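Basis for what follows: all heavy atoms, side chains included, without hydrogens, waters or symmetry-related copies. Remember, predicted model here, so these are calculated numbers, not experimental data. Start at 1 with the first residue, then count along the sequence.
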Amino acid sequence: MAHSQDQSIFFRLPLELREQVYQFCQPWYMVPTRFQFSQYDKGIGGLLDHSSSGSSALLRTCKKIKSEAEPWIHQQLAITCGRGTEWDTIGLCIQDAGTVNLRMIKKVTMVFEILVGEPSVILDMMEHLVDRAPKLQALEITWGEAMFCPILKPISFEKNIKPWFPILAKAGKLKTLKLRRVARTWTTAIEDNVKQHNPEVNLEMEVFDIKKSMWCKWTVL
């Protein structure tokens with residue numbers, strides 16, 4: 001027997017309150033999916049279109065909740081990029097709420113534990129994201145401390161980081177760009193590139209102090 005959804009206490013709440021509930025639930029449905037590929041592979045951006053182990057239980061509750069909650073459940077995406085299990089591979093972990101719908105994504109957090117391989121590999125992923133996520137409003141990028149390891153080759157801003165900014169310029173609705181663990185030597189160049197390519201974007205930077213890093217303590221030992 002069909003029942004009116006007005007019988008549900010939840011649906012008696014105003015839509016604004018129900019949307020706050022959906023937004024609160026979103027982080028609980030973030031499911032990690034891991035990939036590994038050669039550091040010279042092309043077309044890894046397509047991995048962002050993957051499907052994980054099914055949609056969230058919340059979206060299977062009823063049709064009305066699915067229609068109301070889906071934009072909230074699928075509005076965030078988390079990406080972690082680092083070394084794979086083999087010396088010449090990259091490991092990619094994507095956290096999302098089931099099947100990724102990039103067209104609904106509003107916020108993306110990216111963590112680069114270390115930048116490995118050809119710069120074009122990361123640029124391909126960036127371009128794929130920007131081209132297919134028209135609602136993207138906030139992007140947060142964190143660089144891992146391992147990038148500053150003294151025994152590794154230093155990361156070149158000109159080669160590895162600067163090419164990102166013309167790509168981000170295509171994100172027409174991007175409002176906030178937050179960069180964490182930024183090398184002090186990069187700050188002026190980042191500000192200049194944001195002013196040139198994304199002048200309306202609110203830039204937040206957290207400068208990394210190498211003297212307080214684990215690597216400074218490690219080199220002393």
Run through Val111, Ile141, Val207, Thr142 and flag the one making a side-chain contact (heavy atoms from CB on, under 4.5 Å) with Arg180. Thr142
Would you call Leu139 and Lys107 a side-chain contact if the rule is heavy atoms closer than 4.5 Å? no
Working to the nearest 0.5 angstrom, can you tell me the gap between Tyr22 OH and Leu17 CG? 11.0 Å
Distance, nearest 0.5 Å, that separates CD of Gln75 from CE of Met104: 10.5 Å
Can you check whether Val194's main-chain N or O pairs, donor with acceptor, with Asn198's side chain at less than 3.5 Å? no
So how far is it from Asp124 CG to Leu129 CG, rounded to the nearest 0.5 Å? 11.0 Å
Less than 4.5 Å apart, side chain to side chain, heavy atoms only: is that true for Arg103 and Pro134? yes
Are any non-hydrogen side-chain atoms of Met110 and Met126 less than 4.5 angstrom apart? yes
Would you please test Trp164 and Phe112 for ring pair (Phe, Tyr, Trp, His ring centres under 6.0 Å) and show each step? CA-CA 14 Å; Trp164 294 5; Phe112 293 98; 5.3 Å; yes
Can you confirm whether Leu177 sits close enough to Leu179 that some side-chain heavy atom of one is under 4.5 Å from a side-chain heavy atom of the other? yes
If you take the centroid of each ring, where Trp contributes its six-membered ring, are Trp186 and Phe165 closer together than 6.0 Å? no
Can you sort out the partners of Thr109 under side chain to side chain donor-acceptor pair (under 3.5 Å), two or more places apart, ordered by chain and number? none
When rounded to the nearest 0.5 angstrom, what distance separates CD1 in Ile105 from CD in Gln76? 8.0 Å
Non-hydrogen atoms of Arg18 and Phe11 that approach each other most closely: NH1-O, 3.4 Å
Distance from Asp131 atom CG to Leu102 atom CG, nearest 0.5 Å? 10.5 Å
Side-chain heavy-atom pair Ile190, Thr188 within 4.5 angstrom cut-off: no
Nearest heavy atoms of Ile167 and Val130, plus distance in Å: O-CG1, 3.7 Å
Where do Leu174 and Thr176 land on the side chain to side chain contact (heavy atoms under 4.5 Å, CB included) test, with the steps shown first? CA-CA 6 Å; Leu174 186 65; Thr176 302; over 6 Å; no
If you apply the rule side chain to side chain contact (heavy atoms under 4.5 Å, CB included), what do you find for Thr187 with Met205, and how did you get there? CA-CA 8 Å; Thr187 54; Met205 281 193 292; 4.1 Å; yes
Results of salt bridge (charged side-chain N to carboxylate O under 4.0 Å, His left out) for Lys170 - residues two or more places apart only: Glu127
Taken to the nearest 0.5 Å, the spacing of Glu204 CD from Glu140 CD works out to 8.5 Å
Show, in sequence, the C-alpha distance, side-chain angles and deciding distance for Asn193 and Lys162, and conclude whether the side chain to side chain contact (heavy atoms under 4.5 Å, CB included) test is met. CA-CA 8 Å; Asn193 276 273; Lys162 186 177 180 179; 3.7 Å; yes
Heavy atoms only: give me the nearest Glu158-Pro163 pair and the separation to one decimal. O-CD, 3.5 Å
